[in-house]
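Residue numbering restarts at 1 for every chain, and letters A, B, ... go by the order of the sequence lines. Just the heavy atoms: all of them, side chains too, but no hydrogens, waters or symmetry mates, feed the values below.
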2 protein chains.
Amino acid sequence: MAARTPRPVRPPEDLCRAPGLRERKKQQTRDALVQAAHGLFLSQGFARTTVDEIASAVDVSQRTFFRYFANKDEVALAVLADAEDYFIECLRNRPAEELPLQALRASIVKSWRDLGNAQPSGPGSINSALELLRMIEDSPPLIAAHLRRVTEQERLVVQVLAEREGVDPVQDLRPTVLAAVFGSLLRSAHLSWTAEQEPAGPEGMVALIERHFDHLGPALAGHWHDPAQDGAQDQA
Amino acid sequence: MAARTPRPVRPPEDLCRAPGLRERKKQQTRDALVQAAHGLFLSQGFARTTVDEIASAVDVSQRTFFRYFANKDEVALAVLADAEDYFIECLRNRPAEELPLQALRASIVKSWRDLGNAQPSGPGSINSALELLRMIEDSPPLIAAHLRRVTEQERLVVQVLAEREGVDPVQDLRPTVLAAVFGSLLRSAHLSWTAEQEPAGPEGMVALIERHFDHLGPALAGHWHDPAQDGAQDQA
DNA sequence: CAGATTATGTCAGCCCCTGACATTCGGCAA
DNA sequence: TTGCCGAATGTCAGGGGCTGACATAATCTG
């Protein structure tokens with residue numbers, strides 16, 4: 001571990017299909033740290049959990065913790081990071097005929113669904129990620145760190161969109177603008193989700209995302225006074 | 001100063017038009033802190049400037065610094081916060097007939113222009129804010145803090161939009177969605193601006209913002225392959 | 001098995017930030 | 001003016017995040 005471990009992005013299975021003991025142990029402690037941190041955060045809150053606690057819960061020195069994660073934020077966001085990677089993969093696999101906006105929408109829905117079906121509960125599952133999401137919104141520093149991660153993810157989305165449609169993202173602003181809109185739409189949906197009383201699970205999140213997408217057009221067009229305008233009314 | 005000073009939002013001139021010595025001194029040290037911090041940040045960078053340096057540059061204890069600002073980030077973002085307040089004011093003053101999206105666009109353009117004309121240079125001027133913006137994008141923790149501020153500002157925008165159009169922001173997602181889209185559009189423009197070599201001043205920023213707005217429709221609609229589609233091509 | 005890599009532990013230390021308490025300063029009325 | 005009250009500041013102690021440096025122990029390679 002010369003520099004910081006940059007999060008194991010599913011090591012390519014080429015070259016050596018036996019990862020070796022060293023590599024396995026690293027992955028192991030990393031997972032253990034995420035697990036322990038996750039548990040502590042959820043039980044006592046993010047701010048009231050110290051890095052020392054996390055480290056000693058895994059029988060590891062504090063210094064070692066910081067060799068795996070750049071800071072306390074990172075270990076909290078680690079679970080979400082995996083989900084985001086999967087979303088990008090989904091986006092890459094969308095058929096080229098699909099309109100860009102639709103490809104984004106389909107990818108995000110599919111990734112939530114797939115992750116939800118993969119392992120509905122237990123550690124590292126979707127529900128863990130959802131609990132995390134709620135916790136993040138309760139902690140200002142985590143909100144900040146999360147937003148930063150999200151915007152970096154958006155850069156990736158810009159790349160993928162540009163490749164997909166064969167345009168140059170430097171000259172053509174459309175990929176950038178669309179990625180930005182998409183990102184903010186997702187965040188709105190997340191906020192709505194965390195604002196709900198009942199957790200509602202992955203399907204609830206999907207429903208919220210869809211609703212937000214459906215309101216994109218109406219929000220951009222015309223005035224809103226007229227209640228019978230766009231079917232945007234879903235009063236209780 | 002019982003709790004933290006919550007940033008003097010232009011004290012209402014009612015009740016006593018002479019703010020009193022105490023109040024004046026407070027404002028004074030606050031400004032001095034922002035000034036000193038600003039200078040130090042720009043000359044040595046954000047991370048390499050300690051709070052002690054800032055405090056002693058104003059002949060004030062470190063503890064006092066933290067009674068004015070919740071953290072080091074806040075003093076760096078203080079200048080921008082003023083600009084954002086002015087934007088909100090502009091938005092409130094837009095005529096009700098204007099379409100929501102247009103009101104947002106007009107407000108942001110007007111606020112940049114007005115602030116640019118107010119005091120083109122010197123401390124606390126627009127150019128200071130622009131320098132700050134560039135610095136922020138160079139510093140990951142500042143990016144995070146800035147994004148958090150921006151999203152809180154968005155909540156305000158949601159409120160104003162909802163009032164304007166007479167809708168309930170809880171039931172009707174349109175204000176939320178539009179505010180989110182607007183926020184991400186602005187951030188894209190800021191990023192483009194900081195990516196440029198030549199600073200280009202407030203007018204350059206306005207131009208970029210307008211360009212981003214103009215690409216909103218084309219980005220959301222249809223495919224992009226066809227180069228003659230929406231006039232979205234401005235190749236060099 | 002020996003040497004090269006690499007992960008980990010230990011330690012010292014800087015810096016951010018906070019609570020508690022004492023002190024000083026501005027505002028205000030007798 | 002004087003004296004009091006509340007508010008702003010200073011000082012001190014301390015916790016917690018994070019890093020560099022160095023030694024040690026574990027893995028890998030031949």
Exercise for the section: Kindly say whether, by distance alone, the side chain of A/Arg63 makes a donor-acceptor pair under 3.5 Å with the base of D/dG20? Expected result: yes
Handout entry: Interatomic distance where CZ belongs to A/Phe65 and P belongs to D/dG16 [whole Å]
Key = 15 Å
Practice task
Using atom NZ of B/Lys26 as one end and atom C1' of D/dG6 as the other, report the distance to the nearest whole Å.
Solution key: 12 Å
Practice task
List the atom of A/Ala32, the atom of A/Val58, and the distance in Å for their closest heavy-atom pair.
Solution key: CB-CG1, 3.5 Å
Exercise for the section: Could you check how far CD of B/Gln27 sits from P of D/dT9, rounded to whole Å? Expected result: 12 Å
Exercise for the section: Can you check whether any acceptor in the base of C/dG9 is under 3.5 Å from a donor in the side chain of A/Arg67, or vice versa? Expected result: yes
Practice task
Using only side-chain N and O atoms of B/Ser61, determine if any of them is under 4.0 Å from OP1 or OP2 of D/dT9.
Solution key: no
Practice task
Using whole Å, report how far CD of A/Gln28 lies from P of C/dT8.
Solution key: 11 Å
Handout entry: Heavy-atom check, side chain of B/Phe69 versus side chain of B/Val34, under 4.5 Å
Key = yes
Fill in the blank from the handout: Against the side chain of A/Asp52, the closest entry in D/dC18, D/dG17, D/dA7 is D/dG17
Exercise for the section: For A/Phe69 and D/dC18, give me the distance from atom CZ to atom P, rounded to whole Å. Expected result: 13 Å
Practice task
Would you tell me if any nitrogen or oxygen in the side chain of A/Lys72 comes within less than 4.0 Å of OP1 or OP2 on D/dG16?
Solution key: no
Handout entry: B/Glu53 CD - C/dC15 C1' separation (whole Å)
Key = 11 Å
Practice task
Tell me which nucleotide among C/dC16, C/dT5, D/dT9 gets nearest to the side chain of A/Arg22.
Solution key: C/dT5
Exercise for the section: Please determine, by modelled atom types, if A/Gln35 and A/Asp31 share a side-chain donor-acceptor pair under 3.5 angstrom. Expected result: no
Handout entry: Between C1' of C/dC11 and CZ of A/Phe66, the distance in whole Å
Key = 16 Å
Practice task
Using heavy atoms to find the nearest nucleotide of DNA chain C for B/Thr49 and A/Val60 separately, return the residue whose nucleotide is more 5′.
Solution key: A/Val60
Problem - Between C/dC16 (P) and B/Glu74 (CD): distance, integer Å - result: 15 Å
Exercise for the section: For residues B/Ile143 and B/His146, determine if any side-chain heavy atom of one lies less than 4.5 Å from a side-chain heavy atom of the other. Expected result: no
Completion exercise
Considering only heavy side-chain atoms of B/Thr29, the closest of C/dC25, D/dT9, D/dA26 is D/dT9
Exercise for the section: Go through the steps to decide whether B/Ile88 and B/Gln159 satisfy the test side chain to side chain contact (heavy atoms under 4.5 Å, CB included), and finish with yes or no. Expected result: CA-CA 11 Å; B/Ile88 291 287; B/Gln159 285 306 117; over 6 Å; no
